[in-house]
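Chain letters run A, B, ... following the sequence lines, proteins first, then strands; residues in each count from 1.
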Amino acid sequence: MPELPEVQTIVADLKPRLEGRKIAGITVLWRPTIAQPQVEELTERLIGQRIERVWRRGKYVVMDLSSDDRLVLHLRMTGRLLFRDRSAPEDRFTRVVIHLDGEQQLRFADARKFGRIRLLDDEQFRRLSASLGPEPLSGDFTLDWLTEVLARRGQRIKSVLLDQRYLVGLGNIYVDEALFEAGINPTRPANTLNDDEVERLFHAIRKALSSGIADRGTSFDSYLDAFGEPGQHQYRLQVYRRKGAACPRCGTPIERTVVGGRGTHFCPRCQPVTPSRASETVLPSRKAQQPQG
DNA sequence: CAATCAACCTGGGTGC
DNA sequence: TGCACCCAGGTTGATT
C-alpha cells in the first residue's frame, strides 16, 4: 500500500523527468478515477500546461502547473504511477494516461480503482493541505507537538497515528513498524503514553519512514515504483505480516489482532498493554485470567 | 467524542 | 480444475 516512503520514492524519480515538460493530452479509460472536475473540463484545463514542480504532501503526489492549478493524485491501495515510453507494452489496470511532449507518458494504473486524480485551483489545494497534519520528516513535526496532540486524544494510539488530520504519511505497514520500534502497544490510549514513550515514538516514526525510503518502499502486494520496479523494504520489516515469526528483539512469536479494522502486528512482550519499566520484565501470572461476569 | 462498520473495488489466496 | 468465499487497507461518511 503506498504510504509516505512509496509516494516519496515515486516523486523523487518523477521529479527530474517531469519538471519542465508539457502535458500534450490525456486519455481516461476509467472515468471515476477523475474525481474533480469533469473529464471534459480536466482535459481543457490540462492540455498545454507545463509541469513546474513535482512534490508530495502526505500520500498525495502533487504537480504544480504553469496555470497555477495543481494536479493531485492519490494512489490509495493499489495505484501505480508509471513513467513509460509511448511504445512500451501496455500496463495492466491502466485507468488514465497523461501524454507528455516527446515520447513519454505517465500511466495511472490501479487494480482496485480506488485511486483518484484531481485538478485543484489554489484555494481548493490550500483547503486540502490545511486539512492534513504536519510532515513527519520536516521541522514542523516536533516532540512538543506530538506530545500535545497525543495528550488530547483518548483514542488508541494506532488509530491516532493513522489519522492523516493529525500526522500525514503513516499507513498500516509503517505504523505497526513504528509502534514496535518504540515498544508501544497499538491499543494504548494515546493520552496514557508517558514522556519517555512519546519521545521513543517520535524517533521511531521518523526511523520507520526513513528506513522505508532508503529501501525504496515496501512491495508486498501491488506497489511498484515509477519504473515498474519493486522496493526492498518488505525484507526488512520487523513485525508487519510476520505473525508467528520470532520477534527480532526477544524471540517471542509476533501476534496479529485487529485494531480499528486494520490487521495489526506486534510483539506481546516488547509491546505490553501495560507499560513496564525497561529494567524489569513483568511475566504474566499463571492464573492471571479471571472469569468475567 | 470514540468506536464500529459499510462503502468503494478486484486480484489473489484459501478450502473443498 | 472449478468455485465459493474471504481478505487485503486508504479514506470518507454513516451509525451506534
Side-chain angles (χ1 to χ4, degrees), chain A residues 1-11 28-36 56-62 72-81 91-96 108-118 120 124 127-133 135-136 149-179 185-193 208-209 212 217-224 228 230-231 233-234 237 239-244 256-266 273:
Chain A
M1 331 319 130
E3 304 176 28
L4 188 151
E6 290 73 32
V7 177
Q8 177 70 35
T9 300
I10 290 170
V11 163
V28 179
L29 301 166
W30 173 258
R31 281 211 169 217
T33 298
I34 307 298
Q36 188 187 3
R56 174 189 66 70
R57 177 75 176 99
K59 300 173 189 171
Y60 292 90
V61 177
V62 183
V72 177
L73 307 91
H74 199 299
L75 303 174
R76 291 290 180 99
M77 292 168 23
T78 54
R80 295 172 177 167
L81 206 46
D91 288 289
R92 210 177 168 197
F93 311 126
T94 299
R95 308 299 178 194
V96 173
F108 188 95
D110 184 13
R112 289 178 66 181
K113 301 177 175 176
F114 288 171
R116 292 292 181 264
I117 298 176
R118 290 189 266 180
L120 304 180
Q124 290 168 325
R127 267 188 268 127
L128 171 65
S129 189
S131 72
L132 301 172
E135 292 287 337
V149 166
L150 298 187
R152 284 189 279 110
R153 318 300 320 180
Q155 293 164 260
R156 294 171 294 192
I157 183 65
K158 174 165 178 172
S159 300
V160 173
L161 296 179
L162 283 175
D163 192 329
Q164 307 292 301
R165 292 175 299 178
Y166 302 138
L167 176 69
V168 297
L170 290 175
N172 208 39
I173 298 173
Y174 296 97
V175 74
D176 279 5
E177 293 295 301
L179 286 167
N185 188 282
T187 62
R188 292 273 304 281
N191 57 11
T192 65
L193 271 59
L209 294 172
T218 303
S219 292
F220 249 126
D221 303 315
S222 56
Y223 168 72
L224 297 175
H233 198 60
Q234 61 275 19
L237 295 173
V239 288
Y240 184 76
R241 289 218 194 163
R242 298 193 67 242
K243 178 186 173 184
R256 180 186 186 279
T257 58
V258 174
V259 176
R262 300 282 168 269
T264 297
H265 313 74
F266 68 104
V273 177

Exercise. Could you spell out the base pairing of DNA chain B in dot-bracket, with Watson-Crick or G-U pairs whose two distances are under 3.5 Å, [ ] crossing and | to another strand?
Worked result: .|||||||.|||||||
For this session: Could you check which of B/dG11, C/dA8, C/dG10 has an atom nearest any side-chain atom of A/R256?
Result: C/dA8
Seminar exercise, completed: Only one of A/L73, A/V96, A/L224 passes side chain to side chain contact (heavy atoms under 4.5 Å, CB included) with A/L81, and that residue is A/L73
For this session: Pull out every residue in residues 154-166 of chain A that has a heavy atom closer than 4.0 Å to any atom of DNA chain C, ordered by number, or say none.
Result: A/Q164
Problem set entry | Gap between atoms NZ and P, on A/K113 and B/dG11 respectively (whole Å) | 8 Å
Seminar exercise, completed: A/I173 CD1 to C/dA8 C1', in whole Å, measures 11 Å
Problem set entry | Short side-chain donor-acceptor distance under 3.5 Å, A/Y60 and A/S129 | no
Problem set entry | Gap between atoms CG and P, on A/L73 and C/dT11 respectively (whole Å) | 14 Å
Problem set entry | Nearest atoms (heavy-atom pairs only) where A/V168 meets A/L4 | O-CD1, 4.4 Å
Exercise. Side-chain contact, heavy-atom cut-off 4.5 Å: A/R256 with A/V258?
Worked result: yes
For this session: Using the P atoms only, state how far C/dA4 lies from B/dC9, rounded to an integer number of Å.
Result: 22 Å
For this session: Sticking with atom P, work out how far B/dA7 lies from C/dC6, rounded to a whole angstrom.
Result: 15 Å
Exercise. Do we see A/F114 stacking on the base of C/dT11, given a limit of 5.5 Å between centres and 30° between planes?
Worked result: no
Exercise. Between B/dG12, C/dG10, C/dA8, which one does the side chain of A/R92 approach most closely?
Worked result: B/dG12
Exercise. Could you state the CZ-P distance from A/R116 to B/dC9, rounded to the nearest angstrom?
Worked result: 7 Å
Problem set entry | A/Y174-A/E6 side chain donor-acceptor pair, cut-off 3.5 Å | yes
For this session: Mind checking the CD-CZ spacing from A/Q124 to A/R118? Nearest 0.5 Å is all I need.
Result: 9.0 Å
For this session: Rounded off to whole Å, could you give me the CG-to-P distance for the A/L75 and C/dG10 pair?
Result: 12 Å
Exercise. Expressed in angstrom and rounded to an integer, what is the separation of A/F93 atom CZ from B/dG11 atom C1'?
Worked result: 6 Å
Problem set entry | Closest nucleotide among B/dT10, C/dT12, C/dG10 to the A/Y60 side chain | C/dT12
For this session: Using the closest heavy atom to pick a nucleotide of DNA chain B for each, name whichever of A/V259 or A/R262 lands nearer the 5' end.
Result: A/V259
Exercise. Which whole-number value in Å describes the distance from A/R112 CZ to B/dT10 P?
Worked result: 10 Å
Exercise. Can you tell me how far C1' of C/dG10 sits from CZ of A/F220, to the nearest Å?
Worked result: 18 Å
